[in-house]
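To find a chain, count down the sequence lines: A is the first, B the second, and so on, and within it residues start at 1.
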Protein chains: 2
Amino acid sequence: MGLSIGQVAERTGLSVHALRFYEREGLLADPVRRESNGRRVYTEDDVDWLAMCIKFRSSGMPLDTIRRYTDLVRQGAGNEADRLELLRSHRAAVEAQIRDLENCLAVITHKVTIYEEHLADGTAYCLWVPPEQQTDPAAW
Amino acid sequence: MGLSIGQVAERTGLSVHALRFYEREGLLADPVRRESNGRRVYTEDDVDWLAMCIKFRSSGMPLDTIRRYTDLVRQGAGNEADRLELLRSHRAAVEAQIRDLENCLAVITHKVTIYEEHLADGTAYCLWVPPEQQTDPAAW
DNA sequence: ACTTGACCTAGACAGCGCTCTAGCTCTTAG
DNA sequence: CTAAGAGCTAGAGCGCTGTCTAGGTCAAGT
């Protein structure tokens, strides 16, 4: 039933180093149980929790904030409003990030289009001919 | 017509430190011109170029890749296909990033919804009562 | 003359998030 | 009996992206 750190690494995609690091950093709801010999034994819940941490991380939540969330959960019932606030503000941050990326994407796509046209109609190699065009931002 | 580093910092939102750093790192198409006293004089084109760099950066392109792109542009006409490839692969990376974020967003929104319901119907403070629920991932 | 403020260079330092090393213990297989 | 392989701790190191400091120049205002 219990999982070794290696198995958890395999399932989560985190390295064993990262798993120990996350634990030291207080990102796990409770310090992982140990066998008599001191080895870590993870539960499925631990893996689920880690999966959530990974979602948080990969959406840009700093470890510090994950730790704050973890602390709230560890403290138990009574602070659900705080957790909600943290989640909501992260959601807003993610939404902002997506908007920002979409904006960047539009710019990049525009540039891709310009280059595709240049290359398709063979004008690419003429760009340098009229010196003025060398500094035309569209040709960057 | 020329802009001081301070003015460029103000327009771009980059710090003067970052501007000098970017220049040292070779992110500017040409090393910025200087006044006789050694002070940098930026053109509007420099600002446009920086704006593009900022788009690249904020969509996750590493400085290293921006430098490679800059090098291509600096080399002049003839390598448009390389530039296009770089742009396309970055576009793909940005699209992947957006998909990933949207996935995370769904998870976070789901958690927000759960907490909102808990708080709305007053079950929040009862979560700890039956011990089994203490480890229910939905209550995290 | 003096102060202020913007600028300069070179290079040290910082924060984040891991990653790796050294030196050890245990367990298991051959 | 031994060697391999997984795990352990403490702590050093790293890659990236800036940020800041020290020590200096220069121009303008008072």
Next on the checklist: For D71(B) and R68(B): C-alpha separation, side-chain torsions, deciding distance, then whether salt bridge (Lys or Arg N to Asp or Glu O under 4.0 Å) applies.
Outcome noted: CA-CA 5 Å; D71(B) 288 345; R68(B) 286 208 325 272; over 6 Å; no

Next on the checklist: Can you tell me how the ring of Y115(A) sits relative to the ring of Y69(B), calling it parallel under 30°, perpendicular over 60° and tilted otherwise?
Outcome noted: perpendicular

Nucleotide [N], atom [atom2] - distance to [atom1] of [X] in whole Å:
X	N	atom1	atom2	result
I54(A)	dG17(C)	CD1	P	14 Å
N37(A)	dG7(D)	CG	C1'	8 Å
M61(A)	dG17(C)	CE	P	12 Å
E35(A)	dC26(C)	CD	P	12 Å
E23(B)	dT9(C)	CD	P	7 Å
L14(B)	dT17(D)	CG	P	14 Å
E25(B)	dG11(C)	CD	C1'	13 Å
Q7(B)	dA6(C)	CD	C1'	11 Å

Checklist entry - For the side chain of R40(A) and the backbone of R34(A), is there at least one donor-acceptor N/O pair under 3.5 Å apart? => result no

Checklist entry - Does the R57(B) side chain pair with the main chain of M61(B), one donor and one acceptor, at a distance under 3.5 Å? => result yes

Nucleotide nearest [X] when distance is taken to its side chain, options [options]:
X	options	result
P62(A)	dT19(D), dG17(C), dC8(C)	dG17(C)
R57(B)	dG7(D), dC18(C), dG18(D)	dG18(D)
S4(A)	dC18(C), dG7(D), dG18(D)	dG7(D)
H17(B)	dG18(D), dT21(D), dC18(C)	dT21(D)

Taking only side-chain nitrogens and oxygens of [X], does any of them come within less than 4.0 Å of OP1 or OP2 of [N]?
X	N	value
Y22(A)	dC18(C)	yes
R40(A)	dG7(D)	no
R67(A)	dG17(C)	no

Checklist entry - Hey, mind stepping through K111(B) and E116(B) against salt bridge (Lys or Arg N to Asp or Glu O under 4.0 Å) and telling me if it holds? => result CA-CA 9 Å; K111(B) 290 178 73 61; E116(B) 281 172 348; over 6 Å; no

Item to check | Residue closer to the 5' end of DNA chain C, I5(B) versus R24(B) (nearest nucleotide) | outcome: I5(B)

Checklist entry - Quick one: on DNA chain C, does F21(A) or S36(A) contact a more 5' nucleotide (nearest heavy atom)? => result F21(A)

Next on the checklist: Please compare R39(B) and L63(B) by the position of their nearest nucleotide in DNA chain D and report the one closer to 5'.
Outcome noted: L63(B)

Next on the checklist: Need one value for R20(B): base, sugar-phosphate or nothing, where a base atom within 4.0 Å counts as base even if backbone is also close, heavy atoms only.
Outcome noted: base

